[in-house]
K.L.:
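So that we are looking at the same thing, I have put the structure below in structure tokens.
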Amino acid sequence: MLRRKNAAGLGLLATLALWTTSALALPTDWGTNFQPAASPVMENIEDFHRLLLYIITAISLFVLALLVWIVIRYNQRANPVPSKTHHNTLLEVVWTLIPVIILVVIAIPSFRLLYFEAVIPKPDVTIKAIGKQWSWTYEYPGPNFQFDSFPLKDADAAKAHEPRMLGVDNVVVVPVNKVIEVETTGADVIHSWALPQMGVKMDAVPGRINHTWFKATQTGTFYGQCSELCGANHDFMPIEVKVVSDAEYATWLAGAKKKFAAIEGSESTRLAAK
Ligand SMILES: [Cu+2]
């Protein structure tokens, strides 16, 4: 019994430690906060989230205080003869205006963030993510190549020191501090290309192309998963993005052009065939 209590205590300590040191690049057991932000969009999402947290905490405490006050001050014993007041103009104006002001305070940064996410700056690199049942195909239209990306088998992931169910065979590589435009589409059903640390989650819909963007502020490996329930193997659609320096990106690009096939049916492929 005592031992179990100690274990629970240690678990709580570990949770607190996770809260305070948020420099982990993966989802963690007992994690309650966002994964650390690695793009300007995600930094803005975190700021907005924090603002909302302050507001809802203040509102919840205020309502709790009102409830406690009423329970103590106006119960039958403390207040045997209730007041018959039924109108108070000042109070009614105040309880209408204050929520309006709170909503405006929320709406302004909310719209600013929406536009920041939706208006894509001039991209340095464009990639296209095509969701398939059940894998991702990536196209790099500029250098003109495409590849499939499948999750690693458990044993291979362990060997490659990749996280289980998140590591993939062919990783998406992008340069750091550059605007990456991501076009998403679906080959069969609706999927969703999501990369939490970049603040990106965009539906991949058959028959249309959606756009989103991110600019990684640090190098490293970032993981995501298909975030639209797309069928039996939905959970076997991990996303792995490696952010590297410009020089490393150039080296990778040179190798990838040789290793991967040209994009089927693309204009540059057709021109090259002529
Ligand atoms: Cu999917």
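Just follow the structure's listing: the first ligand is 1, and inside any ligand the first atom is 1. Keep in mind that this is a model prediction, so the values were computed, not measured.
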K.L.:
Can you see whether Ser245 engages Glu248 through a side-chain donor-acceptor pair at a distance of less than 3.5 angstrom?
P.N.:
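Distance-only check passes for Ser245 and Glu248.
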K.L.:
Heavy-atom count around Gln76 CD within 6.0 Å, excluding the residue itself: above 12?
P.N.:
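12 or below, so no.
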K.L.:
Measure from the side-chain N and O atoms of Thr219 to the backbone N and O of Val244, and report whether any donor-acceptor pair falls under 3.5 Å.
P.N.:
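Checked: no pair found.
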K.L.:
Measuring from the Cu ion (ligand 1), count protein N/O/S atoms under 2.8 Å, please.
P.N.:
4
K.L.:
Do the side-chain N and O atoms of Ser192 and Glu228 include a donor-acceptor pair separated by under 3.5 angstrom?
P.N.:
no
K.L.:
Between Phe116 and Trp213, is the ring centroid distance below 6.0 Å?
P.N.:
yes
K.L.:
Can a side-chain donor-acceptor contact be found between Thr137 and Asp148 if the only test is distance below 3.5 angstrom?
P.N.:
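Note: Asp148 and Thr137 side chains meet the donor-acceptor criterion.
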